[in-house]
Engineer: 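Mind looking over this structure? Questions follow.
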Amino acid sequence: MKKIMLMAAIVLSALLSSLSAQILNPVRWEVSSEMTSPTEGVIRYSATIEPGWHLYGTTLPDGGPKATSISYDRMEGVELVGELVPSQAPVEKIDMTFNFKLNWWEGDVVLSQKFRLKDGSKGYAVAGVITFQGCNDGSCIPPTREPFEVVSEGFAGETAAEVEPAQNNEVSVASSEASSSAVDWWKPVVFPDNGETTSQNIADSSWWYIFIWGFVGGLVALLTPCVWPMIPLTVSFFLKKNNNRAKSIRDALIYGGGIIVIYLGLGLAITMIFGASKLNDLATNAVFNLAFFLLLLVFAISFFGAFDIKLPSKWSNGVDSKAERTTGLISIFFMAFTLVLVSFSCTGPIIGTLLVEAASVGNIAGPAVGMGAFALALAIPFTLFAIFPSWLKEMPRSGGWLNSVKVVLGFLELALSLKFLSVADLAYGWGILDREVFVSLWVVIFILLGLYLLGKLQFSHDSPSDYVSIPRFFMALVSLSFAVYLVPGLWGAPLKSVSAFVPPLYTQDFNLYAGGDFKEFDDYDEGMRYAAENGRPVLIDFSGYGCVNCRKMEGAVFDTEVISGIIRDNFVLIKLMVDDKTDLATPVTVNENGKDVRLVTVGDKWSYLQRSKFAANSQPYYVMLDNDGNVIEQPYYYDENVEKFGEWLGRGIKNYSDGK
C-alpha cells in the first residue's frame with residue numbers, strides 16, 4: 001500500500017508539474033524599506049528578471065505594453081517624496097510593431113521611492129500593488145499585479161493581515177447569461193498526448209541572409225564608376241610589376257585578401273567602438289534614423305550628378321605614393337587601401353545601410369559577416385582578372401553606362417532613405433509620412449526610375465543614347481511593374497512583400513482592405529454558446545493590446561488569405577485581450593492557489609481563464625476547443641510559419657470531427 005501511495009504521489013506530482021510548467025514567472029519582486037535619517041526613509045522595489053526577459057519601464061506611450069507602476073492602498077504615518085528612481089536607466093528602442101519608442105530593463109533593477117515621516121508619527125505602514133508586464137522574444141505575460149506591504153518596527157496600527165477583510169460576495173466568473181453548461185466551459189483541461197506543443201525560439205537574424213545581402217551589395221558597388229575602372233588599372237599594375245605570371249597571380253590573390261581584411265576590419269572596428277548592442281540601439285534610434293535619412297538623401301543627390309562626394313585627395317594620393325615606394329606585402333596592402341578610399345563615394349551609402357541592417361542582430365558577428373561578404377564580392381573580380389588577364393579584352397569599357405548605374409543607385413538610395421525617415425516620423429509623432437504618403441512617393445520614384453531606364457528622363461552627366469538596350473528595357477519593366485504593384489497600397493492593400501519598409505496599416509487614412517475579416521467574439525461564454533449552437537469548434541486567441549508578438553502573428557499569419565479562410569469556414573474565433581482595462585460590471589473574487597484573487601477588469605477575467613483552465617499565462621497563446629470546453633489539440637505559441645499554423649488548424653478540425 002505504501003508503494004502504491006508513493007507511486008501515486010509521484011505521478012500526481014509529475015502531473016501537477018506538467019500542468020504548471022506553462023505558468024511563467026519571469027519577474028519576481030522583493031519590497032523592503034529602511035530609514036535613512038530620523039525623519040526620512042526609502043522603499044526599495046527590487047525586481048529579479050530572468051535572462052532573456054525584459055520588464056517594461058515606468059513611462060510608456062498609450063496603446064502599447066503596460067508600464068510598470070506602483071499604486072498605494074494604504075499609507076499611514078508617511079508621505080511620499082519625489083518620484084520613483086531606478087537603479088539603472090532602461091534601454092530605449094523604437095519598436096517597429098507598435099511604431100513608437102519603448103523602454104525596458106533587461107537585467108535586475110531596483111526602484112527606490114523616498115518618503116518622509118509625518119509629524120508625531122511613531123512608525124509607518126505602506127501597502128499597495130506593483131503592476132507590471134514582462135516579455136521576451138517569443139511571448140509576453142499579461143499585466144500582473146503584485147501586492148506588497150512594508151511596516152516599520154514599533155508601528156502602533158494594524159498590519160494588513162490583522163485588518164478584517166472587506167466582505168465580498170463571491171460571484172461565478174462565468175457570465176450570468178450563460179447556459180447551464182457554462183460551468184463546464186471553465187473547468188481545467190488536460191491536453192491530449194499526441195505531440196509536442198508548437199512553439200518557436202526566436203533566433204538571431206540568419207547569417208546567410210546577412211551574407212547574401214552583403215555579397216549583393218558588393219556586386220552592386222562593383223558596377224559603380226568609382227570601382228569598375230579600377231579593375232583594369234589594378235590588374236595592369238600587377239602584371240607590369242611582375243614578369244613572373246605565377247608571382248602576379250599570387251600578388252593578386254593577396255590583394256583580394258587585403259580588400260577583405262580591410263573591410264572586415266572596418267566592420268569589426270565600428271562594432272567594437274560603439275558596441276554591438278549600441279549599434280542595435282542606433283539602428284532603432286529616432287535621431288540616428290533621421291540623420292541617416294539625410295545622409296542617404298545627400299548621397300542620392302550626388303549620384304544624380306549635382307556634386308561629387310570624395311574623401312580628401314591627399315589621403316588617396318598619400319596612400320598611393322606609399323604603394324609606389326614600398327615593396328612586397330606592404331605595397332599590396334596600400335594598393336588595396338587605395339581602392340577603399342577612392343571608391344568611398346560609391347560604396348559609402350551601401351556600407352552604411354549594410355551595417356545598420358547587420359547590427360540589428362545584436363552581436364559582433366552580424367557586421368563582420370556582412371562586411372566580409374561585401375568585401376568578398378569586390379575582391380573576386382580583381383583576383384579572377386589577374387589570373388585570366390585575357391578576360392580584360394571582353395570586359396565592357398568605362399563609359400556612360402557606369403553613370404547610368406550610379407543614377408539608378410541614386411533612385412534606390414532615395415527610396416530607401418524614406419524608410420529611415422518613417423522611423424523618425426513615427427517616433428516623434430509628426431504624422432508627415434503616413435502610409436499612403438510613403439507609398440505615393442515610392443510609386444513616383446519607381447515610375448521615374450522606369451522612365452529614366454527607357455531614356456525618357458536624363459540628367460546632366462548622362463550620355464546621349466539612340467536606343468534602349470535589352471538589359472535597360474527589362475530593368476525598366478521591373479521598376480514600372482513594381483510601381484503598379486504598389487498602387488493598391490494607396491487604398492490599404494497589405495503589400496506584404498515590402499511590409500518591412502512601409503509604415504504600418506494603422507497610419508493609413510483611407511483603407512478598403514478587408515483581409516483577415518471574419519466574425520470574432522471578445523467574450524468567452526458568448527463565443528462558446530454560439531459555437532455550440534452552430535456545431536463548430538472554437539479557436540481561442542489569448543492576446544493583448546501590449547503584446548508585440550501578438551501583432552506580428554496577426555499580420556504575418558491571421559491576415560493571410562489561407563489562414564483567414566480556414567478560420568472563417570471552420571471555426572468560431574474568440575479573441576480575449578488579457579490587458580483589457582474595461583471594468584467588470586461586478587468585481588469577482590476567486591480562490592487561486594490558496595489565495596483570494598479579486599478580478600476587477602475584463603482583462604483580469606480572461607487572464608484568470610487562461611491560468612485556471614489552461615495552466616498558461618503567456619501570449620500569444622492559441623488553443624482549440626470542442627463544444628464542451630475540452631481541448632482537441634495541443635496549444636500553439638508564437639510561430640509565424642503559415643504552413644505550420646494551417647496544419648495545426650487542420651489537425652484540430654479532424655479531431656473535432658472524429659470526436660462527434
Engineer: Can you spot which of L573, I574, I567 makes a side-chain contact (heavy atoms from CB on, under 4.5 Å) with F571?
Structural biologist: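 Answer to the side-chain contact (heavy atoms from CB on, under 4.5 Å) test with F571 among L573, I574, I567: I567.
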
Engineer: Restricting to non-hydrogen atoms, name the atom on R44 and the atom on S112 that form the minimum distance, rounded to 0.1 Å.
Structural biologist: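 Where R44 meets S112 most closely, the heavy atoms are CG-OG, 4.0 Å.
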
Engineer: Would the distance check show the side chain of S46 and the main-chain N or O of V110 forming a donor-acceptor pair, the cut-off being under 3.5 Å?
Structural biologist: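 Judged by distance alone, no pair lies under 3.5 Å.
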
Engineer: I need the Y637 OH to S618 OG distance, nearest 0.5 Å.
Structural biologist: 5.5 Å

Engineer: In terms of heavy-atom contacts, does NZ of K575 have more than 12 from other residues, nucleotides or ligands at under 6.0 Å?
Structural biologist: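 Enclosed.
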
Engineer: Any chance you could lay out the side-chain contact (heavy atoms from CB on, under 4.5 Å) test for L55 and W29, step after step, and finish with the verdict?
Structural biologist: CA-CA 12 Å; L55 169 70; W29 292 91; 3.9 Å; yes

Engineer: Determine whether L60 and L102 make a side-chain contact, defined as any pair of heavy atoms from C-beta on separated by less than 4.5 Å.
Structural biologist: yes

Engineer: Would F542 and F614 satisfy ring pair (Phe, Tyr, Trp, His ring centres under 6.0 Å), going step by step from the backbone distance to the final call?
Structural biologist: CA-CA 11 Å; F542 284 100; F614 305 107; 5.7 Å; yes

Engineer: On a heavy-atom basis, which atom in W53 and which in I49 lie closest, and how many Å separate them?
Structural biologist: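 For W53 versus I49, the nearest heavy atoms are O-CG2, 3.5 Å.
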
Engineer: Checking T131 against V129 for the side-chain contact (heavy atoms from CB on, under 4.5 Å) test, could you report, in this order, the C-alpha distance in whole Å, the side-chain angles of both residues, the deciding distance, and whether it holds?
Structural biologist: CA-CA 6 Å; T131 305; V129 175; 4.0 Å; yes

Engineer: I'd like to check M528 versus V538 (side-chain heavy atoms, cut-off strictly below 4.5 Å). Are they in contact?
Structural biologist: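 Of all side-chain heavy-atom pairs linking V538 with M528, at least one is under 4.5 Å.
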
Engineer: Just wondering, do M35 and Y124 contact through their side chains at under 4.5 Å, heavy atoms?
Structural biologist: yes

Engineer: Answer yes or no: is there a side-chain heavy-atom contact under 4.5 Å between L599 and L584?
Structural biologist: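 Yes; the side chains approach each other to less than 4.5 Å.
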
Engineer: Start with the C-alpha distance between Y72 and Q113, add both sets of side-chain angles, then the distance that settles side-chain contact (heavy atoms from CB on, under 4.5 Å), and finish with yes or no.
Structural biologist: CA-CA 12 Å; Y72 298 92; Q113 174 65 66; 3.8 Å; yes

Engineer: Ignoring hydrogens and angles, state whether a donor on the side chain of S607 or D604 is under 3.5 Å from an acceptor on the partner side chain.
Structural biologist: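 Not at all, the side chains of S607 and D604 share no donor-acceptor pair under 3.5 Å.
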
Engineer: So do Y608 and K613 actually touch side chain to side chain, heavy atoms under 4.5 Å?
Structural biologist: no

Engineer: Taking Q88 for the side chain and D108 for the main chain, is one N or O donor matched with an acceptor at less than 3.5 Å?
Structural biologist: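 Looks like yes, one N/O pair under 3.5 Å.
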
Engineer: Anything under 30° is parallel, anything over 60° is perpendicular, the rest tilted; go ahead and classify F558 against F645.
Structural biologist: tilted

Engineer: Is any side-chain heavy atom of V78 less than 4.5 Å from a side-chain heavy atom of E76?
Structural biologist: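 Sidechains of E76 and V78: no contact.
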
Engineer: What is the minimum heavy-atom distance between V189 and G629, and which atoms define it?
Structural biologist: CG1-O, 3.5 Å

Engineer: To the closest 0.5 Å, what do you measure between CZ (R145) and CZ (R598)?
Structural biologist: 10.0 Å

Engineer: Could you state the interatomic distance from CD (E633) to CZ (R651), rounded to the nearest 0.5 Å?
Structural biologist: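 Answer for the CD-CZ pair, E633 versus R651, is 4.5 Å.
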
Engineer: We want to know whether Y45 and T68 form a side-chain donor-acceptor pair, criterion being a heavy-atom distance below 3.5 angstrom.
Structural biologist: no

Engineer: Rounded to the nearest 0.5 Å, what separation is found between the CE atom of M577 and the CG atom of D522?
Structural biologist: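 So the CE of M577 and the CG of D522 are separated by 10.0 Å.
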
Engineer: Quick check: does any side chain N or O of W648 sit under 3.5 Å from a backbone N or O of Q634, one acting as donor and the other as acceptor?
Structural biologist: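 Checked: pair present.
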
Engineer: Rounded to the nearest 0.5 Å, what separates atom OH in Y636 from atom CE in M624?
Structural biologist: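 The distance works out to 10.5 Å.
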
Engineer: Considering non-hydrogen atoms only, spot the tightest contact between S152 and G123 and give its length.
Structural biologist: OG-CA, 3.2 Å

Engineer: Start with the C-alpha gap between L539 and L649, add the side-chain angles, then the distance that decides, and say whether side-chain contact (heavy atoms from CB on, under 4.5 Å) holds.
Structural biologist: CA-CA 9 Å; L539 171 62; L649 293 176; 4.2 Å; yes

Engineer: Could you tell me which non-hydrogen atom of M75 sits nearest to which non-hydrogen atom of V126, and how far apart they are?
Structural biologist: CG-CG2, 4.3 Å

Engineer: Please answer whether the main-chain N or O of K644 pairs with a side-chain N or O of N641 as donor and acceptor at a distance below 3.5 Å.
Structural biologist: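 Side chain of N641 to backbone of K644, a donor-acceptor pair under 3.5 Å: yes, one is there.
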
Engineer: Between S422 and L418 (side chain of the first, backbone of the second, donor and acceptor by atom type, cut-off under 3.5 Å), is there such a pair?
Structural biologist: no

Engineer: Just checking E83: does its CD atom have more than 12 heavy atoms from other residues, nucleotides or ligands closer to it than 6.0 angstrom?
Structural biologist: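 Incorrect, the count does not exceed 12.
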
Engineer: Distance-only, no hydrogens or angles: does the N103 side chain make a donor-acceptor pair with backbone N or O of T59 under 3.5 Å?
Structural biologist: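 The answer is yes, because a donor-acceptor pair under 3.5 Å joins these two groups.
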
Engineer: Would you call the rings of Y56 and W104 parallel, tilted or perpendicular if under 30° counts as parallel and over 60° as perpendicular?
Structural biologist: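 Because their plane-to-plane angle is over 60°, the rings of Y56 and W104 count as perpendicular.
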
Engineer: State the CG-CD distance between N25 and E146, to the nearest 0.5 angstrom.
Structural biologist: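 Answer rounded to 0.5 Å: 7.5 Å.
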
Engineer: Does CG in D73 sit with more than 12 non-hydrogen atoms of other residues, nucleotides or ligands closer than 6.0 Å?
Structural biologist: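 Enclosed.
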
Engineer: Kindly check if the number of other-residue, nucleotide or ligand heavy atoms within 6.0 Å of CD (E30) is above 12?
Structural biologist: no

Engineer: What orientation do Y524 and W606 show, parallel under 30°, tilted 30 to 60°, or perpendicular over 60°?
Structural biologist: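 Correct class here is perpendicular.
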
Engineer: Check whether any side-chain heavy atom of E149 lies under 4.5 Å from a side-chain heavy atom of R74, and answer yes or no.
Structural biologist: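 Yes. Closest side-chain heavy atoms under 4.5 Å.
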
Engineer: Going by heavy atoms in the side chains, are I70 and L84 under 4.5 Å from each other?
Structural biologist: yes

Engineer: Kindly give the heavy-atom pair with the smallest separation between V150 and S33, and that separation in Å.
Structural biologist: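 In terms of heavy atoms, the two residues are closest at CB-OG, 3.9 Å.
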
